[in-house]
Amino acid sequence: MTDASLPEPRHARSLKDVDARTNRRNRAEARFRAYGIAAVSIGLVFLVVLLGAILINGVGAFQQTFVNVPVYLDPAKLDKNGERNIEDIKKVSTFGYNPLVENALLETVQASGADTELDSAAEMKKLLSASAAAQIRDTVIANPELIGQTVEFRLLAASRVDGYLKGRVKREDVTRDKNIDVAHLDLTDKLHDAGVITKGFNLAFITGADASESRPEQAGLGVSMLGSFFMMLVVLGLSLPIGVAASIYLEEFAPQNRFTDLIEVNISNLAAVPSIVFGILGLAAFIQFAHLPQSAPLVGGLTLTLMTLPTIVISTRASLKSVPPSIRDAALGVGASKMQAVFHHVLPMAMPGILTGTIIGLAQALGETAPLLLIGMVGYIATNAPDGLASGFLDPNSAMPAQIFEWAKRADPAYYERAWGGIIILLVFLMTMNIIAIILRRRFERRW
Amino acid sequence: MPATWIVLLVLALAVTGYVLGRSRALKSAGGDSRNLHSLPRYYGAHVLLMTLVPALGALALWVILQPLIVDNAISAGLPDSAIPEASTRGLVMSDVRRVADGLDLAVSEGTISAEDAASLRPEFNNIRDRLGEVGVALGSDVSAPVLKAAQEYRRASSTASLLMTITVLAIALLGFGYALSRTNGEFRARNVVESGIKALLVAAASIAILTTLGIVLSLIFNTLEFFKLYPAWDFFFGTTWSPSFGGGSELGILPLLWGTFYISLIALAVAVPIGLFSAVYLSEYAPRRIRSIAKPLLEVLAGIPTIVYGLFALLTVGPLLLKVFGDGGLDWMQAGTAVMTAGLVMGIMLIPFVSSLSDDIINAVPQAMRDGSYGLGATKSETVRQVILPAALPGIVGAILLAASRAIGETMIVVLGAGAAARLSMNPFDAMTTVTAKIVSQLTGDADFASPEALVAFALGMTLFVITLGLNVFALYIVRKYREQYE
């Protein structure tokens with residue numbers, strides 16, 4: 001007979017006392033949780049930094065420095081015959097206006113009482129944008145009756161002066177700058193105090209055209225906004241009907257066969273093809289093969305349509321699928337044909353979802369840049385606003401993201417500010433579209 | 001007649017057809033629509049579709065084919081002697097087209113009369129100056145055969161346009177008449193209209209196939225053209241990339257592929273841990289309120305256009321890295337544009353991509369598996385690491401592969417942030433370049449489309465397309481296979 005003995009209990013103490021192993025496990029648990037929180041926070045910090053960088057760098061583009069100068073529009077120079085004939089007035093080029101600008105600026109500086117080392121009016125004129133003479137000329141040609149009067153002009157300041165007042169250009173930077181000297185900056189300070197140089201809201205940045213490389217103060221996003229608008233018209237006009245038709249077929253009518261499979265595989269693969277490949281397709285198909293004009297918003301729109309179609313098809317199919325079969329059965333039950341059931345009942349009910357998907361697809365297309373580079377919507381200066389439907393679709397133009405890219409590539413850092421500002425405008429558009437999509441979804445989407 | 005007018009005419013005819021078809025059907029039923037097979041509007045729609053669809057289809061086909069056929073005919077008629085030594089038939093043909101367009105413009109502006117344009121002769125008239133007046137700049141004087149071909153071109157085009165107008169209108173009228181003649185009370189208009197609409201739906205769905213076909217064809221033809229001018233072996237295995245438009249370029253893809261993979265690797269090294277941990281935290285730990293705020297905020301990162309990230313890399317991240325690793329700091333970095341800059345920013349862009357895909361996959365793991373693990377006494381993190389992640393692994397691998405294909409195809413960030421020098425280097429602070437960036441730079445110059453330096457972009461595009469397609473198909477295969485396990 002052996003002594004049967006109970007095994008010793010492993011824990012000779014209370015469960016409430018935590019042992020080392022449990023401690024370790026709990027610490028691991030806390031660590032793991034902290035990693036998760038850290039990951040989410042890092043993501044959010046990136047978002048904040050990105051948006052912060054955009055705002056800090058871009059807000060300056062919405063402010064512009066102006067020089068307020070009363071200019072005497074000398075009839076002896078602008079209209080030698082004195083007949084106020086518009087053709088005669090147009091013959092005077094911007095060079096003819098330069099002396100007027102120089103005189104006016106000199107007088108203004110003297111009147112303001114600011115003393116300066118700059119001795120000549122030609123030197124002082126470096127405070128002004130090179131576009132000043134053209135600005136006056138445009139006003140005179142629009143209102144010839146102003147000749148002979150002294151008119152108060154709000155002329156654009158040169159980009160260096162603008163940058164100095166915004167803090168972008170520092171005093172120590174200008175020693176190597178051949179466009180401007182420290183003396184100019186001294187004068188700028190004095191004129192700023194005297195109220196001759198003022199900062200104001202820069203409407204021209206939102207409505208204006210692009211300018212040449214040397215005049216960043218004049219560049220605006222307006223023309224390329226129109227280019228984007230016409231492109232979006234093409235995208236909306238083509239991708240919505242085609243996308244909806246394709247989804248209706250695939251979701252409601254398509255039999256299960258090879259052809260249907262082929263289409264479905266194609267659509268899901270097209271959604272993942274890099275956008276630059278669509279650019280190559282646009283270049284080869286629309287420009288090389290079909291000889292459509294380069295840089296035209298029509299070509300950009302067609303290329304973006306092909307890119308947006310898969311997005312729209314995928315979201316439209318999802319919203320068609322969410323309409324319960326009972327709706328179709330009820331329609332068929334009262335004698336509707338299959339086509340009638342779809343077009344009279346299913347489609348209207350899926351419409352909010354379809355529109356939401358379409359808006360999101362459009363927002364994607366609006367921000368897309370890479371394909372536009374290949375069909376030639378960069379590399380030149382988009383200065384002419386389209387003057388009609390045909391010219392809007394067919395004349396060379398830029399688009400918002402392409403214009404931003406163009407500015408980012410230019411050498412003058414003053415253009416970087418414009419690029420950031422352009423991004424603010426682009427993001428405002430995208431945000432508006434997305435908010436509309438969210439509201440549509442919240443208000444109209446039905447859940448069964 | 002310009003195409004717009006033809007379209008408007010056909011549209012007007014179609015609308016008339018709708019009204020006529022409807023009233024004719026009603027009349028044949030004695031004004032009582034109950035005696036008709038279909039609703040009256042189907043009879044109208046029948047005439048409308050029969051007028052519109054075949055005519056517009058023919059118009060579209062004609063507009064696409066006419067320039068090709070005319071081009072070929074004129075090109076064949078161009079004598080070999082008309083082609084200068086240094087030139088090609090294609091270049092001469094583009095001259096011919098330009099002269100023809102110039103003549104069209106001059107006639108429409110009234111500086112040259114229509115008869116003159118058809119009978120101009122280079123010996124007597126200075127064509128170049130006269131076209132210059134209307135804003136058509138020609139590179140050289142117009143030779144006699146080119147002018148003759150241009151006049152031939154104009155004649156053929158105008159004949160073809162006239163033929164097109166007649167054909168399209170005839171087809172519209174035929175459709176109109178045929179549909180109207182079939183309209184009576186017995187005719188099953190609805191069935192015909194519905195099968196017509198169904199055919200249109202199928203056509204719309206086929207556009208996806210056509211797009212893929214277009215991509216593949218445009219890539220293949222131009223790539224083959226490129227390999228005729230440049231040996232394929234040197235392209236795929238060359239280690240130097242130095243295009244020069246003067247000739248004598250070395251176009252090896254290896255440095256570009258290396259740059260692409262290096263940048264993608266850094267991007268994934270940023271995006272995968274952050275994205276994965278965020279997904280785990282948001283789906284397993286986070287209270288509902290935090291989840292409902294943090295998830296959409298993270299997804300905002302995915303909605304920001306890539307040009308914004310590109311600018312962020314070029315102007316914010318690049319200078320920042322340069323300050324730390326550049327001249328004043330560790331001295332590893334020469335310029336703000338580098339593999340690291342582009343990789344980091346691309347990583348930020350991919351975070352929401354990885355996190356929302358992994359989130360879906362983690363949520364698809366059945367609750368029973370979690371409950372089983374908790375029941376055995378595992379902590380949350382042990383459950384995640386030892387049960388959920390292994391179960392979700394194939395899906396997560398799929399998500400990472402999709403993110404990788406996104407990174408490889410990304411263009412704007414690398415164009416702005418990675419630099420332009422193609423080199424094989426291990427230093428992540430060196431400037432390198434990628435396949436996509438070189439596609440952009442080779443196709444945005446003023447290069448002639450027929451030169452190997454421009455055509456190489458299509459070969460690069462083909463490589464990119466094949467790689468990303470392969471990754472996507474593989475990823476979808478993995479994801480799909482995994483999903484079947486739990487359904």
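What you see below is based on every heavy atom in this structure, not just the backbone, and it leaves out hydrogens, waters and symmetry mates. Here is the naming used below: chain letters follow the sequence lines, and residue numbers restart at 1 for every chain.
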Query raised in the report: Considering only heavy atoms from C-beta outward, does the side chain of F32(A) approach that of R385(B) to under 4.5 Å?
Result: yes
Comparing I267(A), L262(A), I37(A) against chain B, the one with the most heavy-atom pairs below 4.5 Å turns out to be I37(A)
Bottom line for I242(A): the part with an atom under 4.5 Å from chain B's heavy atoms is both
Start with the C-alpha distance between F465(B) and I280(A), add both sets of side-chain angles, then the distance that settles side chain to side chain contact (heavy atoms under 4.5 Å, CB included), and finish with yes or no.
CA-CA 11 Å; F465(B) 182 69; I280(A) 296 181; over 6 Å; no
Looking only at P413(A), G367(A), A254(A), A402(A), the option with the highest number of non-hydrogen pairs under 4.5 Å against chain B is G367(A)
If one checks every heavy atom of I42(A) against chain B at 4.5 Å, the contacting part turns out to be side chain
If one checks every heavy atom of A53(A) against chain B at 4.5 Å, the contacting part turns out to be side chain
Turns out that what part of L309(A) lies under 4.5 Å from chain B's heavy atoms comes down to side chain
**Study point:** I307(B) side chain reached by M400(A) side chain, heavy atoms, under 4.5 Å
**Key:** no
Exactly one candidate in V317(B), L301(B), V300(B), T316(B) meets side chain to side chain contact (heavy atoms under 4.5 Å, CB included) with L50(A); the answer is L301(B)
Scored by heavy-atom pairs under 4.5 Å with chain B, the best of A408(A), A245(A), G376(A) is A245(A)
Of V277(A), I404(A), L47(A), the largest count of non-hydrogen pairs under 4.5 angstrom with chain B goes to L47(A)
CE of M412(B) to CG of L373(A), rounded to nearest 0.5 Å, is 4.5 Å
Whatever's closer than 4.5 Å to a heavy atom in chain A on L311(B) counts as both
Heavy atoms of G303(B) and L430(A) approach each other most closely as O-CD1, 4.3 Å
Output for pair (F277(B) CZ, R33(A) CZ), nearest 0.5 Å, gives 14.0 Å
Margin query: Are L282(B) and V40(A) packed together at the side-chain level, in the sense that at least one heavy-atom pair is separated by less than 4.5 angstrom?
Written below: yes
dist L201(B):CG -> I248(A):CD1 (nearest 0.5 Å) comes out at 6.0 Å
**Close side-chain approach of P274(A) to L464(B), heavy-atom, < 4.5 Å** = yes
Given G422(A), G282(A), S337(A), the one with more heavy-atom pairs under 4.5 angstrom with chain B than any other is S337(A)
Bottom line for A457(B): the part with an atom under 4.5 Å from chain A's heavy atoms is backbone
Honestly, the part of L427(A) sitting under 4.5 Å from a heavy atom of chain B is side chain
Interface check, chain A: of G409(B), S218(B), S278(B), most non-hydrogen pairs under 4.5 Å belong to S278(B)
Taken to the nearest 0.5 Å, the spacing of T411(B) OG1 from E368(A) CD works out to 8.0 Å
If you tally heavy-atom pairs under 4.5 Å between each of N266(A), L374(A), L283(A), L250(A) and chain B, the highest tally belongs to N266(A)
Ranked by heavy-atom pairs below 4.5 Å to chain A, first place among L476(B), N472(B), I351(B) goes to N472(B)
Separation between CD1 (I304(B)) and CE (M431(A)), nearest 0.5 Å, reads 11.0 Å
* **Exceeds 12 heavy-atom contacts within 6.0 angstrom, atom CZ of F474(B)** => no
The interface call for L469(B) against chain A, heavy-atom contacts under 4.5 Å, is side chain
If one checks every heavy atom of K198(B) against chain A at 4.5 Å, the contacting part turns out to be both
Turns out that what part of Y309(B) lies under 4.5 Å from chain A's heavy atoms comes down to side chain
Rounded to the nearest 0.5 angstrom, the OG1-CG distance for T444(B) and L372(A) is 13.0 Å
Here the pair of heavy atoms bringing L281(A) nearest to G214(B) is CD1-C, 3.3 Å
So, the part of L426(A) with a heavy atom under 4.5 Å from chain B: the answer is side chain
Is there a side-chain contact between M339(A) and V193(B) (heavy atoms, below 4.5 Å)?
no
| field | Stepwise side chain to side chain contact (heavy atoms under 4.5 Å, CB included) check, V202(B) with F259(A) | value | CA-CA 10 Å; V202(B) 176; F259(A) 181 68; 4.0 Å; yes
Practice problem: Side-chain contact test, heavy atoms from C-beta onward, threshold under 4.5 Å: evaluate it for F46(A) versus V345(B) and give yes or no. | Solution: no
Quiz item: Counting only N and O atoms by type, is there a donor-acceptor contact under 3.5 Å from the side chain of E29(A) to the main-chain atoms of S381(B)?
Solution: yes
Under 4.5 Å to a heavy atom of chain B? For I375(A) that would be neither
Note to self: Could you check whether Y281(B) and Y35(A) have their ring centres less than 6.0 Å apart?
What the structure shows: no
Heaviest contributor of heavy-atom pairs below 4.5 Å to chain A, chosen from T4(B), L314(B), I197(B), is I197(B)
With heavy-atom distances below 4.5 Å as the criterion, would you say the side chains of L297(B) and L44(A) are in contact?
yes
The interface call for V63(B) against chain A, heavy-atom contacts under 4.5 Å, is neither
When the 4.5 angstrom heavy-atom criterion is applied to L219(B) and chain A, the contacting part is side chain
If one checks every heavy atom of I423(A) against chain B at 4.5 Å, the contacting part turns out to be side chain
Okay, N222(B) and chain A: the region with an atom under 4.5 Å from a heavy atom over there is side chain
A side-chain contact here means heavy atoms from C-beta on lying under 4.5 Å apart; do V273(A) and T468(B) qualify? no
Turns out that what part of Q340(A) lies under 4.5 Å from chain B's heavy atoms comes down to both
If one checks every heavy atom of R190(B) against chain A at 4.5 Å, the contacting part turns out to be side chain
Under 4.5 Å to a heavy atom of chain B? For N434(A) that would be neither
Whatever's closer than 4.5 Å to a heavy atom in chain B on L366(A) counts as neither
### Query
Just wondering, more than 12 heavy atoms not from F429(A) lying within 6.0 Å of its CZ?
no
If one checks every heavy atom of V280(B) against chain A at 4.5 Å, the contacting part turns out to be side chain
